[in-house]
2 protein chains.
Amino acid sequence: MENKETFVKKLRSSGLRPTKQRLEICKVLYERDKTFHFTIEELSKILKKKSKKSISLATIYNTVHAFKNKNYLKEISINSNKSYFDTNVSNHHHFFNESTHELIDLKDTDVGVIKIKKKIPGKKIKSVEVLVKISS
Amino acid sequence: MENKETFVKKLRSSGLRPTKQRLEICKVLYERDKTFHFTIEELSKILKKKSKKSISLATIYNTVHAFKNKNYLKEISINSNKSYFDTNVSNHHHFFNESTHELIDLKDTDVGVIKIKKKIPGKKIKSVEVLVKISS
DNA sequence: ACTTACATTATAATGATTCTAAAGTAGTGT
DNA sequence: ACACTACTTTAGAATCATTATAATGTAAGT
């Protein structure tokens with residue numbers, strides 16, 4: 001739950017101009033109580049409904065990637081033809097419902113500590129992600 | 001390390017006709033000491049080198065999907081524009097080298113037991129996969 | 001206001017994957 | 001061996017997500 005001014009500041013502070021389109025997208029992504037999982041297609045549909053003058057698909061792609069690079073969005077590793085993004089950028093894991101293609105957050109505390117006992121010389125661990133596939 | 005007859009039997013026993021193309025692909029995939037991680041593109045290149053009369057790309061896709069459905073191949077969850085497959089169909093995890101896009105197996109024993117403390121009513125856990133992203 | 005670098009846009013291009021429908025082949029029965 | 005049928009392969013077209021292009025628009029500093 002944030003307001004327009006907060007978005008404007010955040011964008012400016014990360015070197016992104018607070019354009020009409022970016023603020024519109026911020027509203028959809030971050031004016032929520034829960035975290036939001038989405039594909040570009042889903043985001044695009046929501047934006048179409050919300051406003052009369054729709055935002056170009058290219059801009060949605062650009063913005064989502066800009067937000068991902070600034071760590072305002074996280075991309076989730078799922079093999080699907082589409083990319084999934086998450087407004088929760090903290091270290092956490094996911095359920096993936098194979099029937100509905102829905103993602104559900106697993107808090108860090110929902111998953112026991114994960115010990116990686118193997119090391120690859122000269123490589124650093126960037127992230128450890130658990131994907132729990134479920135279906136009915 | 002298996003021979004042609006073994007492949008023929010395995011294919012027949014799962015209702016797949018042992019065609020020239022499928023046997024050729026079996027050789028590339030399973031006549032190895034270590035497990036093999038690949039994309040369709042990589043597999044296609046290897047097959048092109050191996051034999052004069054190349055196998056159609058559509059057949060490679062068909063075969064890989066048929067093998068995946070019969071549980072002779074596993075698809076790995078990575079968000080990439082391409083799909084990755086693994087000849088190791090057992091329950092195990094992966095390192096993904098973000099610099100080289102290379103996959104490395106983590107034996108089940110290389111990762112501590114993963115406890116999923118959250119349950120989703122009416123849903124069964126189909127798999128639990130850990131992806132450890134690394135880079136230099 | 002003027003300028004400039006950054007953004008948006010419609011459209012085209014790309015690239016992986018899937019579809020199509022025609023030609024080929026394996027396996028069965030004769 | 002021969003014929004039949006269902007399954008396979010194939011080249012090429014189609015599809016779909018994503019990225020590139022290049023022209024137009026806009027934010028923000030001077």
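Small disclaimer: the values here were computed from a predicted structure and weren't measured. Proteins get letters first, then strands, A, B, ... in listed order; numbering begins at 1 in each.
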Open item on the list: Please report the distance, rounded to the nearest Å, between CG in B:L11 and P in C:dT25.
Closed with: 18 Å
- [ ] Starting from P on C:dT8, measure out to CG on A:N62 and report it in whole angstrom.
- [x] 7 Å
TODO: Return no unless some side-chain N or O of B:T59 is found under 4.0 Å from OP1 or OP2 of D:dT10.
DONE: yes
TODO: Can you sort out the partners of B:K68 under side-chain hydrogen bond (donor to acceptor under 3.5 Å, both in side chains), two or more places apart, ordered by chain and number?
DONE: B:E75
TODO: Take the protein atom CZ of B:R22 and the nucleotide atom P of D:dT10, then report the distance between them rounded to whole Å.
DONE: 11 Å
- [ ] State whether a side-chain donor-acceptor pair under 3.5 Å links A:S14 with A:Y72.
- [x] yes
Open item on the list: I'd like to know if the side chain of B:N79 and the backbone of A:I76 have a donor-acceptor N/O pair within less than 3.5 Å.
Closed with: yes
Open item on the list: What is the distance, to the nearest angstrom, from the NZ atom on B:K53 to the P atom on D:dT9?
Closed with: 11 Å
TODO: Starting at atom CD of A:Q21, determine the distance to atom P of C:dC6, rounded to an integer number of angstrom.
DONE: 17 Å
Task: Nearest-angstrom distance from the residue atom CG of B:L47 to P of D:dT10 - done: 11 Å
Task: Sequence-aligned protein contact record of nucleotides 15-30 of chain D, with B where the base is within under 4.0 Å of a protein heavy atom and S where only the sugar-phosphate is - done: --SBBB------BS--
Task: Cluster companions of B:I116 among Ile, Leu, Val, Met, Phe, Trp, Tyr (side-chain spacing under 4.5 Å) - done: A:F95, A:I104, A:L106, A:V111, A:I114, A:I116, A:I120, A:I125, A:V128, A:V130, A:V132, A:I134, B:F95, B:I104, B:L106, B:V111, B:I114, B:I120, B:I125, B:V128, B:V130, B:V132, B:I134
TODO: Establish whether A:I40 and A:Y84 are linked, either directly or via other cluster members, by ILVMFWY side-chain heavy-atom contacts under 4.5 Å.
DONE: no
Task: Option passing side-chain contact (heavy atoms from CB on, under 4.5 Å) with B:F36 (candidates B:L103, B:N88, B:T87, B:D86) - done: B:T87
